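So the structure is just underneath, and the comments pick up after that.
This is a predicted model, so every value here is computed, not measured. Computed from heavy atoms alone, side chains included, the values below leave out hydrogens, waters and symmetry copies.
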Amino acid sequence: MKKAVNLLLILAALSLSGCSSINEVDEDKVRDVSDKITEAIVHNTGKTRAERQESHNVDAEGLSSINIESSVGDITIDTHESQDALVELSIIVTSGSKERSEQLVKDFVYTVEKGINSVDIDTTCKDKTHDNENISTELTITVPENITNVIISLNVGDIHIKSINGKFEIADNVGSIIVEDSQGTYNLSTNLGDIKLDSNAIDKKSKFITSTGDIKLSIRDITNADSIKAVTNVGDVDITVPDNSGYEAVINEFMHKRKTESNGNKHTELEVTTDVGEVNF
């Protein structure tokens with residue numbers, strides 16, 4: 001199942017990874033390009049690549065959230081002991097000519113700002129491109145421990161988050177979502193891609209939803225979880241919880257009758273559904 005999903009991801013990313021955006025944004029500009037543009041040195045199927053590197057330090061002391069809106073590109077978030085949020089950004093353009101690639105990468109506009117309670121990052125693509133042109137932004141971010149809310153809207157790309165405790169609101173159109181060594185409440189959704197928790201604790205109410213993709217939840221603690229919902233239309237669902245967990249799980253599996261499993265005090269309500277795929281709980 002996973003191999004088929006990965007193939008669909010590749011095909012979808014190739015077809016969608018132009019400069020399409022699912023969000024319109026303000027015209028605030030960041031254009032400190034100086035000598036940061038790398039000249040095109042890679043030629044692939046008639047395309048030429050240019051890249052621009054940017055970095056920002058944002059004083060995040062007292063802030064609680066990070067908000068990210070992006071069109072195309074992977075996003076990685078980790079924590080550190082500093083009070084600053086460190087944002088590393090790679091802007092990558094491919095087009096039919098060296099001049100066009102360099103112009104697009106030079107003109108690309110984005111924002112990294114300190115809001116009232118949040119670090120706000122917007123790399124949605126506003127430049128007009130042709131069918132054979134692609135713009136992507138790769139974000140690598142480290143934040144202090146006081147950042148406890150992660151809000152991400154992404155069109156195409158993978159999201160990988162480590163060691164954050166709080167609330168996760170993540171919507172990805174095409175791409176996988178991985179959260180590891182974290183704790184909190186989760187609202188994770190992707191149309192085409194896998195969802196994975198690795199050694200996480202879940203609190204309160206959480207949802208994991210993908211249209212096409214596998215869901216794998218390795219959960220170290222559900223003591224404070226009221227409900228967990230994991231749904232995929234096409235894909236497998238694999239959930240692991242500690243043996244002493246208290247839950248009542250309703251399982252809807254392809255080609256099987258609906259069944260209920262329970263353990264302990266039945267505190268946590270689980271709903272597990274796959275329309276086409278297998279459930280391992």
Inset, instruction - Please list all pairs passing the ring-ring contact (aromatic ring centres under 6.0 Å, His included) test where one or both residues lie in residues 260-281, with sequence neighbours left out. - result: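 Those involving residues 260-281 are Tyr247-Phe281.
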Legend entry - With Lys114 via salt bridge (charged side-chain N to carboxylate O under 4.0 Å, His left out) - residues at least two apart: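 Lys114 satisfies salt bridge (charged side-chain N to carboxylate O under 4.0 Å, His left out) with Asp59 once adjacent residues are dropped.
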Inset, instruction - Return the set of residues passing salt bridge (charged side-chain N to carboxylate O under 4.0 Å, His left out) with Asp198 (not counting sequence neighbours), or none when no residue passes. - result: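 Per chain and number, Asp198 pairs via salt bridge (charged side-chain N to carboxylate O under 4.0 Å, His left out) with no residue.
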Legend entry - side-chain hydrogen bond (donor to acceptor under 3.5 Å, both in side chains), paired with Ser90, selected from Gln53, Glu54, Glu138, Arg52: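 With Ser90 as partner, Gln53, Glu54, Glu138, Arg52 yield a single side-chain hydrogen bond (donor to acceptor under 3.5 Å, both in side chains), made by Gln53.
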Inset, instruction - Please name the residue in the list Asp120, Asp122, Asn149 that meets the side-chain hydrogen bond (donor to acceptor under 3.5 Å, both in side chains) test with Asn67. - result: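 Looking at Asp120, Asp122, Asn149, the match for Asn67 under the side-chain hydrogen bond (donor to acceptor under 3.5 Å, both in side chains) is Asp120.
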Side-chain donor/acceptor of [X] to backbone N/O of [Y], under 3.5 Å:
X      : Y      : answer
Asn146 : Ala60  : yes
Ser70  : Thr124 : no
Thr274 : Asp236 : no
Asn252 : Arg258 : no
Ser136 : Gly73  : no
Thr142 : Thr79  : no
Thr268 : Asp226 : no
Arg220 : Ser199 : yes
Ser218 : Thr240 : no
Ser101 : Thr48  : yes

May I ask whether [X] and [Y] are part of the same hydrophobic cluster, defined by side-chain heavy atoms of I, L, V, M, F, W, Y residues being less than 4.5 angstrom apart, directly or through others?
X      : Y      : answer
Val179 : Ile219 : yes
Ile170 : Ile121 : yes
Ile141 : Ile92  : no
Ile68  : Ile135 : yes
Ile209 : Phe168 : no

Inset, instruction - Please assess Val58 against Val112 for the test side chain to side chain contact (heavy atoms under 4.5 Å, CB included), listing each intermediate value before the final yes or no. - result: CA-CA 8 Å; Val58 179; Val112 176; 3.8 Å; yes
Is the shortest side-chain heavy-atom distance between [X] and [Y] below 4.5 Å?
X      : Y      : value
Leu188 : Thr190 : no
Tyr186 : Asn200 : yes
Lys47  : Asn134 : yes
Leu139 : Val87  : yes
Ile215 : Thr210 : yes
Val250 : Val272 : no
Val174 : Asn155 : no
Lys204 : Asn224 : no

Inset, instruction - Give the intermediate values and the outcome of side chain to side chain contact (heavy atoms under 4.5 Å, CB included) for residues Glu271 and Thr273. - result: CA-CA 7 Å; Glu271 178 185 345; Thr273 300; 4.1 Å; yes
If you measure from [atom1] on [X] to [atom2] on [Y], what distance do you get to the nearest 0.5 Å?
X      : Y      : atom1 : atom2 : answer
Lys229 : Ser206 : NZ    : OG    : 12.5 Å
Gln83  : Glu61  : CD    : CD    : 4.5 Å
Glu278 : Asp214 : CD    : CG    : 10.0 Å
Ile177 : Ile159 : CD1   : CD1   : 5.0 Å
Glu102 : Ser95  : CD    : OG    : 9.5 Å
Asp78  : Ser163 : CG    : OG    : 5.5 Å

Considering all heavy atoms of both residues, which atom of [X] and which atom of [Y] are nearest to each other, and what is their separation?
X      : Y      : answer
Val241 : Ser245 : CB-OG, 3.8 Å
Asp275 : Phe254 : O-CD1, 2.8 Å
Ile75  : Ile152 : CD1-CG2, 3.9 Å
Gly277 : Glu253 : O-CG, 3.9 Å
Leu217 : Ala230 : CD1-CB, 4.4 Å
Ser182 : Lys162 : OG-C, 3.9 Å

Inset, instruction - Test Ser65 against Asn117 for side chain to side chain contact (heavy atoms under 4.5 Å, CB included), laying out the working first. - result: CA-CA 6 Å; Ser65 302; Asn117 295 309; 5.5 Å; no
Legend entry - Matching residue for Val143 among Ile164, Val119, Val150 - test: side-chain contact (heavy atoms from CB on, under 4.5 Å):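 Single pass found, and it is Ile164.
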Inset, instruction - Quickly, which of Val231, Ile228, Ile239, Asn187 forms a side-chain contact (heavy atoms from CB on, under 4.5 Å) with Phe208? Name it, please. - result: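 Answer after filtering Val231, Ile228, Ile239, Asn187: Ile228.
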Legend entry - Flag if over 12 foreign heavy atoms under 6.0 Å of CD, Glu269: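 12 or below, so no.
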Inset, instruction - Step through the shown structure and confirm whether more than 12 heavy atoms of other residues, nucleotides or ligands are within 6.0 Å of CD on Glu145. - result: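 No, the 6.0 Å shell around CD holds no more than 12 heavy atoms from other groups.
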Inset, instruction - Please check if any side-chain donor atom of Thr123 sits under 3.5 Å from a side-chain acceptor atom of Thr137, or the reverse. - result: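 Checked: Thr123/Thr137 side chains pair up, N/O donor to acceptor below 3.5 Å.
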Legend entry - Test item: side-chain donor near acceptor, His56 and Glu88, under 3.5 Å: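 Note: His56 and Glu88 side chains miss the donor-acceptor criterion.
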Inset, instruction - Start with the C-alpha distance between Ile251 and Glu261, add both sets of side-chain angles, then the distance that settles side chain to side chain contact (heavy atoms under 4.5 Å, CB included), and finish with yes or no. - result: CA-CA 8 Å; Ile251 300 173; Glu261 297 182 7; 4.0 Å; yes
